[in-house]
Each structure stands twice: as structure tokens, then as C-alpha cells.
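What follows is a set of notes on a single structure, which appears directly below.
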Amino acid sequence: MIRVKAAFFSFTAPPHAGPDYLRWHLLDHQPEQYQLPGIQLAMRYIADGAYPDGRLVTEGPLASVGDVTNYLVGDPVQQTHDDFLELGTRLAEMGRYPHRLDLIQLRMPALLSWHASPQAVVSAEVVPWRPHRGVLVIVEEPVGDEAEVASWLQWLHREHHPALLAWPGTAGAWLYGSSGTWEQSPQVSGGPQYTTVVYLDEDPLATTAALRPLVEQRWASGAVRPLFAGPLRTMIDWEFWR
């Protein structure tokens with residue numbers, strides 16, 4: 001049974017305060033999100049150093065992304081959405097929001113599908129909780145008609161995701177899509193998008209480079225166009241990978 005229904009994706013510019021910002025976010029701001037009723041997991045991913053050069057898509061509205069924060073949301077989704085937006089304001093009033101980044105995009109799409117790689121062993125429903133070195137995040141905008149996009153989604157499920165997750169170094173992939181199921185604030189609204197998170201066990205830069213030919217097949221039909229596709233690393237260095 002999957003308890004995640006949706007997710008917040010916050011795309012921000014690189015932090016001006018550097019390590020101070022990341023320390024504050026990891027040790028202060030991020031843990032506070034768990035007081036919200038539906039927050040299941042909070043993860044921050046970073047594109048620093050050579051990571052921007054490792055992107056498969058280098059132009060467009062998300063080209064300047066430095067960090068992606070991902071909050072997995074379960075029931076009650078609507079209340080969690082409302083409380084999430086209120087919490088930031090309340091923390092700022094308490095003096096607990098000393099650092100602010102330039103927000104490029106904030107969305108809360110619905111979870112559409114979830115898959116685990118055969119080599120990951122675990123169930124698809126728990127992949128994000130499994131330690132990983134980083135992610136490949138892909139954001140796409142539908143540009144084809146309804147039938148073309150539906151066919152593309154079927155191809156993802158039937159052919160693309162199995163091929164992607166057979167590749168060494170991948171652990172799983174979760175796909176999200178824009179949804180009208182919940183009443184969303186203008187802060188998290190926008191045109192339709194699909195967001196895919198590919199969880200990576202091996203070096204995110206090297207794995208993304210190896211996956212390039214496969215990932216670029218996603219755009220061959222013209223049903224969608226890429227807005228962002230690139231690797232990011234986790235903030236946590238797991239000891240057994242040292």
C-alpha cells in the first residue's frame with residue numbers, strides 16, 4: 001500500500017549563504033516540516049560543483065536551479081498543503097527563517113506511479129526512504145494532444161521505466177503529474193508538468209551521463225518537452241559508501 005499521494009517540489013537558486021544555509025535547512029527548517037500531518041519524508045538535493053555541467057537539459061525556465069527540496073505528502077493532503085504554506089510564515093515571525101533563496105518554482109503534483117529497480121530489492125513503495133547517493137530529476141511539459149500524452153505515459157510504464165531501472169546504479173523511479181484533485185494556492189500553481197525522480201545508488205554524475213541516450217528517448221515523440229533534466233546529490237554521506 002502506498003501512503004504517499006503527492007509531493008512538494010521546491011526548485012531554488014544556489015544558496016547565497018553556502019554551508020550556513022544548508023546547515024540551517026537540515027538541522028532546523030526541514031525537521032519542523034514533520035509536525036505537519038501529512039509530511040512523510042523531507043529531502044534536499046544539491047547541484048553544486050560539476051553538477052550543473054552534468055545536466056541533460058541546460059536551457060529553459062529551470063536552468064538556474066541550484067537545489068531541489070522534495071517533501072512527500074500523504075493524507076490529509078489538503079490540510080498539509082494549507083499548513084505547509086502557513087508554517088513558513090509562522091517560522092519567519094519567530095525569527096526561525098534567517099535564510100531565503102530565490103524561489104524558481106514550487107509545485108505540488110500528484111504521485112502517478114512508482115517503481116523499484118530489480119537490484120534495489122526493496123518494494124517500490126519504500127524506495128525514497130532507502131539511502132541513496134542522489135537523484136536524476138526530470139521535469140517535462142506536455143505539448144502534444146491528449147491522445148499523444150496518454151500514449152507517452154503508457155510507453156513510460158511499459159518500456160521506458162523498465163529499461164531505465166535495469167541500468168546499474170539506479171534504485172527506483174517515481175513519477176508525478178499536475179493534478180486538480182486538491183485546491184492549490186497560486187504559490188504552487190502553474191501549467192501542467194510531469195516530474196520524475198530517479199533514485200541513484202552510484203555516482204549521480206556518472207550514472208546520469210550513462211543514462212543520457214535512454215533519457216533523451218523520452219522527448220523523441222514530441223508529446224512532451226523537457227524543462228529540466230539533471231543530477232543532484234544528497235546532503236547526507238552514508239558511511240557504508242565511503
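These figures come from a predicted structure and were not determined experimentally. Computed from heavy atoms alone, side chains included, the values below leave out hydrogens, waters and symmetry copies. In this chain, residues are counted from 1 in sequence order.
Residues Ala47 and Pro231 share a closest heavy-atom pair of CB-O, 4.2 Å. Considering all non-hydrogen atoms of both residues, Ala120 and Ala171 come closest at CB-O, 3.4 Å. Gln30 and Ala42 make their closest contact through NE2-O, 3.2 Å (heavy atoms, listed as atom of the first residue, atom of the second, distance). Closest of all the heavy-atom pairs between Ser178 and Pro109 is N-CB, 4.0 Å. Nearest heavy-atom pair, Val149 versus Pro142, reported as atom, atom and distance to 0.1 Å: CG2-CB, 3.8 Å.
Using a distance-only test at 3.5 Å, with no hydrogens or angles considered, no donor-acceptor pair links the side chain of Ser151 to the main chain of Ala147. Judged by distance alone, the side chain of Ser185 and the main-chain N or O of Gln187 form a donor-acceptor pair under 3.5 Å. Of the possible donor and acceptor atoms, none in the side chain of Asp67 sits under 3.5 Å from a partner among the backbone N and O of Ala13. Of the possible donor and acceptor atoms, one in the side chain of Thr170 sits under 3.5 Å from a partner among the backbone N and O of Trp167. The backbone N or O of Asp145 lies less than 3.5 Å from a partner atom in the side chain of Glu148, making a donor-acceptor pair. In this structure, the side chain of Gln193 does not engage the main chain of Val139 through any donor-acceptor pair within 3.5 Å. The main-chain N or O of Gly38 is found under 3.5 Å from a side-chain atom of Gln40 such that the two form a donor-acceptor pair. Without hydrogens or angle criteria, Ser123 side chain to Glu125 main chain gives no donor-acceptor distance under 3.5 Å.
Ring geometry for Phe9 against Tyr176 counts as perpendicular: the plane angle is over 60°, on a 0 to 90° scale with 30° as the lower cut.
Partners of Leu41 by side-chain contact (heavy atoms from CB on, under 4.5 Å), not counting sequence neighbours, listed by chain and number: Tyr34, Met43, Leu72, Pro128, Trp129. The side-chain contact (heavy atoms from CB on, under 4.5 Å) search around Ala124 returns Trp114, Ala116, not counting sequence neighbours. Partners of Glu141 under the salt bridge (Lys or Arg N to Asp or Glu O under 4.0 Å) rule, at least two apart in sequence or in another chain, are Arg225. Residues that satisfy the salt bridge (Lys or Arg N to Asp or Glu O under 4.0 Å) test with Arg3, not counting sequence neighbours, are absent from this structure. For Ser179, the side-chain contact (heavy atoms from CB on, under 4.5 Å) partners at least two apart in sequence or on another chain are Ala110, Thr181, Trp182. Taking the ring-ring contact (aromatic ring centres under 6.0 Å, His included) definition, one finds that Phe11 meets it with nothing, sequence neighbours left out. For Glu216, the salt bridge (Lys or Arg N to Asp or Glu O under 4.0 Å) partners two or more places apart in sequence, or in a different chain, are Arg212. Contacts of Arg55 classified as salt bridge (Lys or Arg N to Asp or Glu O under 4.0 Å), with partners at least two apart in sequence or in another chain: none. For Asp53, the side-chain contact (heavy atoms from CB on, under 4.5 Å) criterion is met by no residue, not counting sequence neighbours.
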**Request:** Step by step, work out the side chain to side chain contact (heavy atoms under 4.5 Å, CB included) result for Trp152 and Glu140.
**Result:** CA-CA 12 Å; Trp152 177 78; Glu140 292 153 318; 3.4 Å; yes

**Prompt:** Run the side chain to side chain contact (heavy atoms under 4.5 Å, CB included) check on Leu232 and Val137 step by step: do they pass?
**Reply:** CA-CA 8 Å; Leu232 301 100; Val137 174; 3.7 Å; yes

**Message:** Could you go through Phe228 and Val65, starting from their C-alpha distance and side-chain angles, then the distance that decides it, and tell me whether this counts as side chain to side chain contact (heavy atoms under 4.5 Å, CB included)?
**Reply:** CA-CA 9 Å; Phe228 181 85; Val65 166; 4.0 Å; yes

**Asked** Does the side chain to side chain contact (heavy atoms under 4.5 Å, CB included) test come out yes or no for Val73 and Lys5, once each step is laid out?
**Response** CA-CA 6 Å; Val73 180; Lys5 309 298 182 184; over 6 Å; no

**Check against side-chain hydrogen bond (donor to acceptor under 3.5 Å, both in side chains), His132 and Tyr45** = CA-CA 11 Å; His132 48 281; Tyr45 301 103; 2.8 Å; yes

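Identified under the ring-ring contact (aromatic ring centres under 6.0 Å, His included) test for residues 61-81, with sequence neighbours left out: Tyr71-Phe84.
Thr80 has its side chain within reach of Ile39: a pair of non-hydrogen atoms, C-beta onward, lies under 4.5 Å apart. Using a 4.5 Å heavy-atom threshold, the side chains of Val68 and Val135 count as separate. With a 4.5 Å cut-off on side-chain heavy atoms, Val127 and Val122 count as touching. Between Leu87 and Gln33 there is a side-chain heavy-atom pair separated by less than 4.5 Å. By the 4.5 Å heavy-atom criterion applied to side chains, Ile104 and Thr12 are not counted as neighbours. Side-chain contact between Gln184 and Arg107 is absent, with no heavy atoms from C-beta onward closer than 4.5 Å. Considering only heavy atoms from C-beta on, Tyr199 stays 4.5 Å or farther from Thr234 through its side chain.
One distance of note links CE of Met108 with OG of Ser10; it measures 14.0 Å at 0.5 Å rounding. For the atom pair CD (Gln154) and CD (Glu159), the distance works out to 11.0 Å, reported to the nearest 0.5 Å. Atom OG1 of Thr196 is separated from atom CG of Leu175 by 4.5 Å, given to the nearest 0.5 angstrom. If you take CG on Leu111 and OG1 on Thr195, they are separated by 11.5 Å, rounding to the nearest 0.5 Å. In this structure, CG in Asp102 is found 8.5 Å from OG in Ser64, a value given to the nearest 0.5 Å. Here CZ of Arg218 is found 10.5 Å from CG of Leu56. Values are rounded to the nearest 0.5 Å.
Remark: Arg233 engages Asp48 in a salt bridge, criterion side-chain N to carboxylate O under 4.0 Å. A salt bridge between Asp201 and Arg133 is absent, with no side-chain N of the basic residue lying under 4.0 Å from a carboxylate O of the acidic one.
Here Leu205 sits in one hydrophobic cluster together with Tyr51; the rule is ILVMFWY side chains under 4.5 Å apart, joined directly or through other members. Cluster partners of Leu165: none. The rule joins Ile, Leu, Val, Met, Phe, Trp and Tyr whenever side-chain heavy atoms lie under 4.5 Å apart, and it links nothing here.
Leu153 and Val143 end up in different hydrophobic clusters when Ile, Leu, Val, Met, Phe, Trp and Tyr side chains are linked at under 4.5 Å. In the hydrophobic cluster analysis, where Ile, Leu, Val, Met, Phe, Trp and Tyr join through side-chain heavy atoms closer than 4.5 angstrom, Leu27 is grouped together with Ile46.
A side-chain N or O of Glu32 and one of Gln35 form a donor-acceptor pair less than 3.5 Å apart.
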